[in-house]
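Below you'll find the structure I mean.
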Amino acid sequence: MMILNNISDMRKIVDQWKKQGLTVGLVPTMGFLHEGHESLIKRAAAENDRVVVSIFVNPIQFGKNEDFSVYPRNIERDSSICQRAGAHAVFNPAADEMYLDGFSTYIDVGDISKELCGKSRPIHFRGVCTVVAKLFNIVKPDRAYFGQKDAQQAAIIHKLIKDLNMDVELVVCPIVRESDGLAKSSRNVYLNPEERKAAPVLHRALCAGESLISSGQKDAEAVKKAIADVINTEPLAKIDYVDVVAFPEIKPVNGDISGKTLVATAVFIGKTRLIDNFIVG
Ligand code: AMP
């Protein structure tokens, strides 16, 4: 497995693969990999001749008071996980390789990026779309793999691909969880032991909401309230949002739930912001 730090080296390798008629899968990540990322890499390896995992903590998707500088990093460990999972190349550029002096071109997908996480992270999805478009231009993947863990992100990338006629197939993979239900996340390392014990409340609360819907409750407000009530039983938890939106449109559901619907939450456990969701319909 190759580790590439330069855009030009990455392009050369991809060009060689394409000349041989090989298909390429891309798994964009910010590193500090866990079994969630690994599931994406394995799926990409099963469906493509070559797999590139990008590992890049993208500065332009972090707000001023967010965790860019302390975001966990461990490229040696990540590389061995990538190799084990079947990747052929890791693309790990430095920030100044991706963003030259004077960089000023951003992609804004509009209203879809303003709901849910977009409310508390106003520049986040602009940064995500910009870096994903750059990665697509560099790696030219046939397929790109994203997790349902970041369901709004997946919906936004879907729209980006469609709106800009990108020739990439989006594959969205299921959420991988710890045994107590907590969705795996690189940010889980921020949790102290007490917070770690509290964190599965997100999943418990969403499960309560999901069974309420299964038992016939259609009213979005009632579902949101049931979820919030469970989260609020946990003293270390502070809700950022609990929301019900049409999927993949990410339009708020007012009144009854019908059709494909995303139920999502973001919760601070101490200082760590965690997200989780489920999709019905
Ligand atoms: P990140 O490194 O957090 O930017 O995540 C990179 C990709 O892995 C994104 O598409 C995420 O949705 C996906 N991912 C992160 N955590 C999980 C998880 N627990 N299960 C499945 N996919 C995940």
Side-chain angles (χ1 to χ4, degrees), residues 25-46 51-63 66-68 70-75 77-79 81-82 85 87 90-93 95 98 116-117 121 124-136 139 141 143-161 168-191 196 199-200 202-203 206 247-248 250 262 264-267 272-279:
L26 171 66
V27 183
T29 82
M30 296 207 299
F32 213 70
L33 305 180
H34 50 66
E35 286 88 341
H37 300 109
E38 220 175 312
S39 71
L40 270 55
I41 302 168
K42 284 183 177 156
R43 173 98 179 255
V51 173
V52 177
V53 180
S54 62
I55 297 182
F56 181 60
V57 185
N58 176 32
I60 67 165
Q61 70 185 62
F62 287 79
E66 294 182 355
D67 56 344
F68 173 69
V70 296
Y71 195 86
R73 293 159 166 92
N74 188 340
I75 187 68
R77 188 173 151 274
D78 286 349
S79 303
I81 292 174
C82 289
V90 166
F91 180 50
N92 178 221
M98 288 295 271
L116 307 179
C117 289
R121 306 188 74 190
H124 176 65
F125 290 116
R126 182 183 87 145
V128 169
C129 288
T130 304
V131 80
V132 167
K134 284 168 74 72
L135 290 168
F136 284 0
V139 178
R143 300 183 189 84
Y145 294 79
F146 289 84
Q148 191 200 307
K149 160 86 185 338
D150 300 87
Q152 183 179 17
Q153 170 174 278
I156 285 172
I157 300 301
H158 178 258
K159 184 146 177 42
L160 169 73
I161 289 172
V168 183
E169 182 189 333
L170 171 68
V171 182
V172 182
C173 304
I175 303 175
V176 177
R177 299 179 178 280
E178 303 286 354
S179 55
D180 60 6
L182 175 64
K184 292 201 183 250
S185 164
S186 308
R187 289 189 166 100
N188 291 349
V189 292
Y190 296 150
L191 302 168
R196 175 62 189 81
L202 277 80
H203 181 56
L206 289 171
F247 189 83
I250 316 289
L262 170 69
T265 187
V267 177
T272 305
R273 185 174 176 280
L274 301 177
I275 56 171
D276 203 345
N277 68 78
F278 67 90
I279 294 172

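The analysis underlying the following values was restricted to heavy atoms, covering all of them including side chains, and did not include hydrogens, waters or symmetry mates. When a ligand or atom number is given, it counts from 1 through the structure's own listing order.
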| task | Compute both the distance and the angle, then confirm whether R43 meets the cation-pi test with F146: under 6.0 Å from the six-membered ring centre, within 45 degrees of the axis. | result | no
| task | Measure from atom 12 (O) of ligand 1 to every heavy atom in D150, V57, V27, I175 and give the option owning the shortest one. | result | D150
| request: Could you check if a side-chain atom of D78 sits within less than 4.5 angstrom of a side-chain atom of V90, using non-hydrogen atoms only? | output: no
| Where is the nearest protein heavy atom to atom 20 (N) of ligand 1: which residue, which atom, and how far? | V176 N, 2.9 Å
| said: Using 0.5 Å steps for rounding, measure from the SG atom of C129 to the CZ atom of F136. | reply: 9.5 Å
| said: As a check for students: among H34, E178, Q61, Q148, identify the option with a heavy atom nearest to atom 16 (N) of ligand 1. | reply: H34
| query | Is any N or O atom of K149, backbone or side chain, closer than 3.5 Å to an N or O atom of ligand 1? | reply | no
| query | Where is the nearest protein heavy atom to atom 5 (O) of ligand 1: which residue, which atom, and how far? | reply | H37 NE2, 3.4 Å
| Is there a nitrogen or oxygen of S186 sitting under 3.5 Å from a nitrogen or oxygen of ligand 1? | no
| query | Of the options H37, E178, H34, which is the one that meets K184 in a side chain to side chain donor-acceptor pair (under 3.5 Å)? | reply | E178
| Can you list the ligand 1 atoms lying under 4.0 Å from a non-hydrogen atom of Q153? | 9 (C), 10 (O)
| query | Quick one: does ligand 1 sit under 4.0 Å from the side chain of K184, the backbone, both or neither, non-hydrogen atoms only? | reply | both
| query | With a cut-off of under 6.0 Å to the ring centre and 45° to the axis, is R187 in cation-pi contact with Y71? | reply | no
| message | Looking at every heavy atom in both A199 and L191, which two are closest together, and how far apart are they? | response | CB-CD1, 3.9 Å
| request: Identify, by atom number and element, the atoms of ligand 1 in contact range of M30, meaning under 4.0 Å from any of its heavy atoms. | output: 1 (P), 2 (O), 4 (O)
| said: Below a 4.0 angstrom heavy-atom separation, can you tell me which part of P174, side chain or backbone, both or neither, approaches ligand 1? | reply: backbone
| field | Any N/O pair F146/ligand 1 closer than 3.5 Å | value | no
| message | Could you walk me through whether T272 and D67 satisfy the side chain to side chain contact (heavy atoms under 4.5 Å, CB included) test, starting with their C-alpha distance in whole Å, then the side-chain angles of each, then the deciding distance to 0.1 Å, before giving a yes or no? | response | CA-CA 9 Å; T272 305; D67 56 344; over 6 Å; no
| task | Using non-hydrogen atoms of the residue, decide whether R177 is closer than 4.0 angstrom to ligand 1. | result | no
| said: Looking at every heavy atom in both P72 and V189, which two are closest together, and how far apart are they? | reply: CG-CG2, 3.9 Å
| task | Closest by any non-hydrogen atom to atom 6 (C) of ligand 1: pick that one out of G147, P28, S39. | result | P28
| message | Determine whether D276 and R177 satisfy the following criterion, salt bridge (Lys or Arg N to Asp or Glu O under 4.0 Å), listing intermediate values before the conclusion. | response | CA-CA 10 Å; D276 203 345; R177 299 179 178 280; 2.8 Å; yes
